[in-house]
Amino acid sequence: MFKPVSYPSFRSVLGQRRALSQAVRVAGAHDALGGRLAQAAGFDAVWASSLEVSAARCLPDASVLTMTEYLEAAAHTQKALGIPVVADVDTGYGNNLNVAHMVHEYEAAGITAVCMEDKLFPKMNSFVATSHTLLDTEEYCSKVRVAKNAQRGEEFFFIARTEALIDGLGVEVALERCHAYVDAGADAVLIHSKARTKDQVLEFLQGWQDRAPVVVVPTTYPDWHADDAVKDGVSTIIYANQGLRATVSALRDTYASILSHGETTHLEDKIASVKDVFALQRLADWQELESA
Ligand code: SPV
Ligand code: MG
């Protein structure tokens with residue numbers, strides 16, 4: 001039978017992994033192909049990263065693309081996968097009205113989890129050395145309430161992301177904000193940090209006392225083993241941009257070596273075969289339709 005791929009909700013994957021005392025491991029991707037490779041590697045979910053999606057178009061991660069463009073990337077990715085997509089929805093693309101529209105559209109497209117940050121719109125990527133001003137706590141809580149009221153089904157999962165540490169406001173502020181976000185209805189919180197060590201995130205986890213699931217993005221503190229992170233109180237780990245960075249390195253090296261060698265024999269055992277690409281496209285399943 002040739003049916004669209006089916007997949008569990010992020011909420012159910014989180015429940016299963018928590019029951020096993022294991023983290024949900026989430027890989028960043030900007031398209032269906034990247035998502036499918038992450039799934040094949042064994043990841044539990046895919047992060048439709050705003051950095052990846054905008055970088056794939058050589059645009060800055062600065063609220064330049066529209067909600068529709070981010071949604072299209074996330075929805076194409078989800079359609080190809082048997083694991084859930086967690087959509088990075090930046091600031092919700094505007095005010096409360098935009099947030100309600102965002103939830104309606106993402107849920108209708110089959111996305112089961114979104115993550116919205118507490119910065120002002122337009123936002124800049126968290127690693128850019130610039131100011132990262134936060135929205136007033138109560139205004140963000142209002143957006144959370146709107147998002148939770150806008151969802152149609154019970155499964156839809158809302159992750160509230162605080163950028164308090166990114167804005168240099170400290171762990172106490174991050175904790176206060178996250179408590180307010182869960183009070184407002186958030187299903188989980190994401191504590192982001194651009195520090196070179198995990199110390200502040202650990203301090204947050206100790207203060208948080210597992211009130212709700214915690215998501216982390218260990219890009220700048222890459223030495224945190226997933227098993228240790230779970231023991232420290234983390235529920236979900238997003239490897240947000242390693243796939244994108246690997247793609248950049250691989251393409252750069254491959255293109256340069258074609259020109260320097262003047263032919264491609266030396267590459268043949270280093271790059272995927274065309275047959276491999278056909279398998280990722282599920283070509284055989286599609287070809288069966290011809291003789292149905
Ligand atoms: C992304 O991957 O788009 C994120 C994570 O939001 S970060 O780039 O660290 O802000
Ligand atoms: Mg982002």
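Numbering of ligands and ligand atoms starts at 1, following listing order.
- Ion pairing of Arg152 with Glu107 is absent here, as no side-chain N (NZ or NE/NH1/NH2) approaches a carboxylate O to less than 4.0 Å.
- Ion pairing of Glu163 with Lys123 is absent here, as no side-chain N (NZ or NE/NH1/NH2) approaches a carboxylate O to less than 4.0 Å.
- The pair Arg177-Asp118 meets the salt-bridge criterion, since a charged nitrogen lies less than 4.0 angstrom from a carboxylate oxygen.
- Residue Lys194 qualifies as enclosed at atom NZ: its count of foreign heavy atoms under 6.0 Å is above 12.
- Between Asp31 and Arg36, none of the side-chain N atoms (NZ, or NE/NH1/NH2) sits under 4.0 Å from a carboxylate O, so this pair counts as no salt bridge.
- You'll find the ring centres of Phe127 and His192 inside the 6.0 Å limit.
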Pairs of donor and acceptor atoms involving the side chains of residues 220-227, under 3.5 Å and at least two apart or interchain, shall be tabulated with distances.
{"residue": "Thr220", "atom": "OG1", "partner": "Ala195", "partner atom": "O", "Å": "2.5"}
{"residue": "Trp224", "atom": "NE1", "partner": "Asp232", "partner atom": "OD2", "Å": "2.9"}
{"residue": "His225", "atom": "ND1", "partner": "Asp227", "partner atom": "N", "Å": "3.0"}

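- Inspection of the environment of the Mg ion (ligand 2) yields the following protein N, O or S atoms under 2.8 Å: Ser50 OG, Asp88 OD2.
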Enumerate the pairs of nitrogen or oxygen atoms, one from ligand 1 and one from the protein, separated by less than 3.5 angstrom; state names and distance to 0.1 Å.
{"residue": "ligand 1", "atom": "2 (O)", "partner": "Trp47", "partner atom": "NE1", "Å": "2.9"}
{"residue": "ligand 1", "atom": "2 (O)", "partner": "Ser49", "partner atom": "OG", "Å": "2.7"}
{"residue": "ligand 1", "atom": "3 (O)", "partner": "Ser49", "partner atom": "OG", "Å": "3.2"}
{"residue": "ligand 1", "atom": "3 (O)", "partner": "Ser50", "partner atom": "N", "Å": "3.1"}
{"residue": "ligand 1", "atom": "3 (O)", "partner": "Ser50", "partner atom": "OG", "Å": "3.0"}
{"residue": "ligand 1", "atom": "3 (O)", "partner": "Leu51", "partner atom": "N", "Å": "2.8"}
{"residue": "ligand 1", "atom": "3 (O)", "partner": "Asp88", "partner atom": "OD2", "Å": "2.9"}
{"residue": "ligand 1", "atom": "6 (O)", "partner": "Asp88", "partner atom": "OD2", "Å": "3.1"}
{"residue": "ligand 1", "atom": "6 (O)", "partner": "Arg161", "partner atom": "NH1", "Å": "2.7"}
{"residue": "ligand 1", "atom": "6 (O)", "partner": "Arg161", "partner atom": "NH2", "Å": "3.3"}
{"residue": "ligand 1", "atom": "8 (O)", "partner": "Asn125", "partner atom": "ND2", "Å": "2.9"}
{"residue": "ligand 1", "atom": "9 (O)", "partner": "His192", "partner atom": "NE2", "Å": "2.8"}
{"residue": "ligand 1", "atom": "10 (O)", "partner": "Ser126", "partner atom": "OG", "Å": "3.3"}
{"residue": "ligand 1", "atom": "10 (O)", "partner": "Arg161", "partner atom": "NH2", "Å": "3.0"}
{"residue": "ligand 1", "atom": "10 (O)", "partner": "His192", "partner atom": "NE2", "Å": "3.4"}

Output side-chain donor-acceptor pairs under 3.5 Å for residues 196-206, partner residues at least two apart or in another chain, one line each.
{"residue": "Thr197", "atom": "OG1", "partner": "Asp199", "partner atom": "N", "Å": "3.4"}
{"residue": "Thr197", "atom": "OG1", "partner": "Asp199", "partner atom": "OD2", "Å": "3.4"}

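- Under the 4.0 Å criterion applied to side-chain N and carboxylate O atoms, Arg211 and Asp183 are assigned as salt-bridge partners.
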